[in-house]
Amino acid sequence: MSNTWPTGVFSARLIQNLSDEGAISAGRPYDPDQIQPASLDLRLGETAFRVRSSFLPGPGKTVTERIETLKLHEIDLTKGAVLERGCVYIVPLLESLDLPETVSASANPKSSTGRLDIFTRVISDAARSFDIVPAGYKGALYLEISPRTFPVLVRTGSRLSQMRFRVGDARLDAAGHKALHAEQTLVFDPNMDVGEGVSLSIDLVGEGRNGLIGFRSKRHTAVVDVDKKNALDVLDYWDPLVNRGSGELILDPDEFYILVSRESVHVPPDYAAEMVPFDPLVGEFRVHYAGFFDPGFGHSAAGGTGSRAVLEVRSREVPFLLGHGQTIGRLIYEKMAERPEMLYGSALGSNYQAQSLKLSKHFKSYP
Ligand SMILES: O=c1ccn([C@H]2C[C@H](O)[C@@H](COP(=O)(O)OP(=O)(O)OP(=O)(O)O)O2)c(=O)[nH]1
């Protein structure tokens with residue numbers, strides 16, 4: 001390939017270049033808003049395989065070989081099909097890769113997918129880990145999907161996950177985060193810690209929202225069509241949670257919660273960010289399914305002033321007490337290979353710029 005690819009996270013323009021050079025193939029044209037400021041949405045192919053269990057192919061094995069031994073049945077997605085809660089499905093994606101030797105990729109659920117509690121991970125052939133595609137990878141991509149809370153209606157072309165491309169490792173270290181914060185203000189709270197990333201804490205007071213602090217999913221709901229925006233009544237799927245004075249919330253391990261950060265955050269245009277657990281040793285809860293934060297999220301010039309991070313929260317194993325202001329995650333910033341022409345918010349179809357507590361785009365506004 002002719003190009004020398006620059007170090008850092010690829011912008012929409014570089015992703016388009018990769019595609020033009022044949023490093024990404026799709027078999028059909030991209031949707032108009034499929035290439036985002038720093039990621040590419042991945043689309044479901046024509047078949048879903050219901051499998052007995054999740055798996056990693058491991059060295060020398062293809063995903064197709066594993067599907068053959070684990071599949072229970074095949075589902076045609078061309079006219080749409082419902083994926084049931086608690087089941088595991090593998091879907092070959094429309095996009096496949098022939099990456100240059102220096103370019104690697106990583107995947108994450110889209111925020112809209114995480115907010116529906118749909119567990120998704122990208123698998124590549126011979127993969128030893130989920131969601132990581134090594135530099136120079138050539139082959140197909142598959143998505144493991146397991147809806148945890150709501151049954152979901154999906155079809156060929158539905159976009160549940162997204163991929164970033166990069167050369168090298170351009171993540172900031174503690175000194176880099178401090179310097180960037182001093183220059184561009186990454187988190188709008190003087191008391192928050194900026195070091196190995198930007199710490200985020202939880203808002204359990206609900207100031208300015210009449211005490212609304214979050215939502216807990218209902219059980220045994222109707223189906224969610226992942227391709228329909230502003231379609232569903234919030235109260236058919238969620239119980240609103242209101243602060244009654246304590247500023248505390250006990251997470252039930254069987255329930256799924258949407259909560260919001262106390263701080264507003266900012267991703268400057270030359271950076272992308274990823275949310276990681278605050279401390280892997282605090283194992284009682286997880287706060288991120290979706291972890292990508294786009295360049296320009298929370299950026300004033302892109303209409304993002306005051307954007308909070310929405311948190312998808314589940315307790316593991318035991319009930320767990322969360323308190324207002326408890327640190328729950330960290331944003332790690334990574335340098336872009338170049339500044340994207342379009343930022344989150346000004347880009348086509350951005351749904352969550354300047355968000356406060358916000359359910360996925362499938363729900364009508366509340367209250
Ligand atoms: O756990 C997360 C992950 C992301 N975000 C924010 C930051 C990110 O920039 C924005 C959009 O995320 P993403 O691009 O993953 O969502 P989407 O479903 O593709 O939304 P859109 O259609 O607006 O691109 O949501 C959160 O608040 N919480």
Side-chain angles (χ1 to χ4, degrees), residues 15 18-19 22-28 30-31 34 39-110 113-114 116-148 152-166 226 289-292:
I15 296 171
L18 273 180
S19 190
I24 310 168
S25 312
R28 63 174 80 174
Y30 291 129
D31 300 346
Q34 192 177 342
S39 61
L40 172 72
D41 286 354
L42 302 173
R43 294 170 296 183
L44 301 186
E46 298 189 345
T47 310
F49 299 91
R50 162 109 156 80
V51 288
R52 272 160 49 205
S53 68
S54 175
F55 63 88
L56 272 170
K61 288 261 193 259
T62 66
V63 176
T64 305
E65 282 166 345
R66 292 286 190 201
I67 291 174
E68 275 313 309
T69 55
L70 289 171
K71 80 174 176 202
L72 299 172
H73 61 98
E74 286 183 33
I75 300 161
D76 177 12
L77 296 183
T78 54
K79 295 192 179 61
V82 173
L83 305 184
E84 301 290 348
R85 339 174 0 204
C87 300
V88 182
Y89 304 87
I90 308 288
V91 180
L93 295 168
L94 291 181
E95 288 73 25
S96 62
L97 300 178
D98 183 0
L99 291 178
E101 288 307 315
T102 54
V103 178
S104 64
S106 61
N108 241 312
K110 281 163 69 75
T113 309
L116 291 175
D117 199 20
I118 309 171
F119 188 72
T120 69
R121 303 188 280 200
V122 167
I123 318 180
S124 50
D125 286 335
R128 291 171 196 264
S129 51
F130 295 104
D131 284 335
I132 307 273
V133 180
Y137 176 76
K138 179 178 172 51
L141 296 171
Y142 303 80
L143 192 66
E144 176 194 331
I145 307 173
S146 186
R148 311 308 303 165
V152 293
L153 176 59
V154 303
R155 52 186 69 70
T156 304
S158 294
R159 288 145 49 178
L160 297 181
S161 65
Q162 56 195 342
M163 184 157 266
R164 275 195 181 159
F165 299 87
R166 55 168 71 72
V226 299
Y289 275 88
F292 285 175

**Message:** What I'd like to find out is whether the side chain of Tyr142 reaches to under 4.5 Å of the side chain of Thr64, using heavy atoms alone.
**Reply:** yes

**Asked** Say you draw a straight line from CD1 of Ile118 to CZ of Arg148; how long is it, rounded to the nearest 0.5 Å?
**Response** 11.5 Å

**Item:** Asp76 CG to Thr156 OG1 distance, which is reported to the nearest 0.5 Å
**Value:** 7.0 Å

**Request:** Could you please spell out the steps behind the side chain to side chain contact (heavy atoms under 4.5 Å, CB included) verdict for Leu143 and Ile123?
**Result:** CA-CA 6 Å; Leu143 192 66; Ile123 318 180; over 6 Å; no

**Fill in**
Nearest heavy-atom contact between Ala140 and Ser96 is CA-CB, 4.1 Å

**Prompt:** At what distance, to the nearest 0.5 angstrom, does CG of Asp98 lie from CD1 of Ile24?
**Reply:** 10.5 Å

**Message:** Please find the pair of heavy atoms, one from Arg159 and one from Thr113, that lie closest to each other, and give the distance.
**Reply:** O-OG1, 4.4 Å

**Prompt:** Taking only residues two or more places apart in sequence, or in another chain, which ones meet Ile132 in a side chain to side chain contact (heavy atoms under 4.5 Å, CB included)?
**Reply:** Ser129

**Fill in**
Residue pairs meeting salt bridge (charged side-chain N to carboxylate O under 4.0 Å, His left out), one or both in residues 59-69, sequence neighbours left out, come to Glu68-Lys71

**Fill in**
For Phe292 and Met163 the tightest heavy-atom approach is CE1-C, 4.3 Å

**Item:** Test item: Asp125 and Tyr137 side chains (from C-beta on) under 4.5 Å apart, heavy atoms
**Value:** yes

**Message:** As an exercise, state the distance from OG of Ser161 to CG of Asp131, rounded to the nearest 0.5 Å.
**Reply:** 7.5 Å

**Request:** State the CZ-CD1 distance between Phe55 and Ile67, to the nearest 0.5 angstrom.
**Result:** 5.0 Å

**Message:** Applying side-chain hydrogen bond (donor to acceptor under 3.5 Å, both in side chains), can you list everything that pairs with Thr47, at least two apart in sequence or on another chain?
**Reply:** none

**Message:** Looking at every non-hydrogen atom in both residues, tell me the closest pair between Pro147 and Leu83 and how far apart they are.
**Reply:** CG-O, 3.7 Å

**Request:** Could you check if a side-chain atom of Lys110 sits within less than 4.5 angstrom of a side-chain atom of Val226, using non-hydrogen atoms only?
**Result:** no

**Request:** Would you check if the side chain of Ser104 reaches a backbone N or O of Pro134 as a donor-acceptor pair within less than 3.5 Å?
**Result:** no

**Asked** Can you tell if the side chain of Leu44 reaches within under 4.5 Å of the side chain of Ile145, non-hydrogen atoms only?
**Response** yes

**Message:** I'd like to check Leu77 versus Tyr89 (side-chain heavy atoms, cut-off strictly below 4.5 Å). Are they in contact?
**Reply:** no

**Prompt:** So, Glu46 side chain and Thr78 main chain: donor-acceptor pair closer than 3.5 Å or not?
**Reply:** no

**Request:** Measure the shortest side-chain to side-chain distance between Val88 and Ser53 over non-hydrogen atoms and say whether it is less than 4.5 angstrom.
**Result:** no

**Message:** Would you compute the distance between atom OG of Ser158 and atom CZ of Arg43 and round it to the nearest 0.5 angstrom?
**Reply:** 11.0 Å

**Request:** Answer yes or no: is there a side-chain heavy-atom contact under 4.5 Å between Leu40 and Gln34?
**Result:** yes

**Request:** Measure across Ala127 and Pro57 and return the closest heavy-atom pair with its distance rounded to 0.1 Å.
**Result:** N-CG, 3.6 Å

**Prompt:** Taking C-beta and beyond as the side chain, do Val133 and Phe165 meet within less than 4.5 Å on heavy atoms?
**Reply:** no

**Asked** Which pair of non-hydrogen atoms, one from Arg164 and one from Ser39, has the smallest distance, and what is that distance?
**Response** CG-CB, 4.2 Å

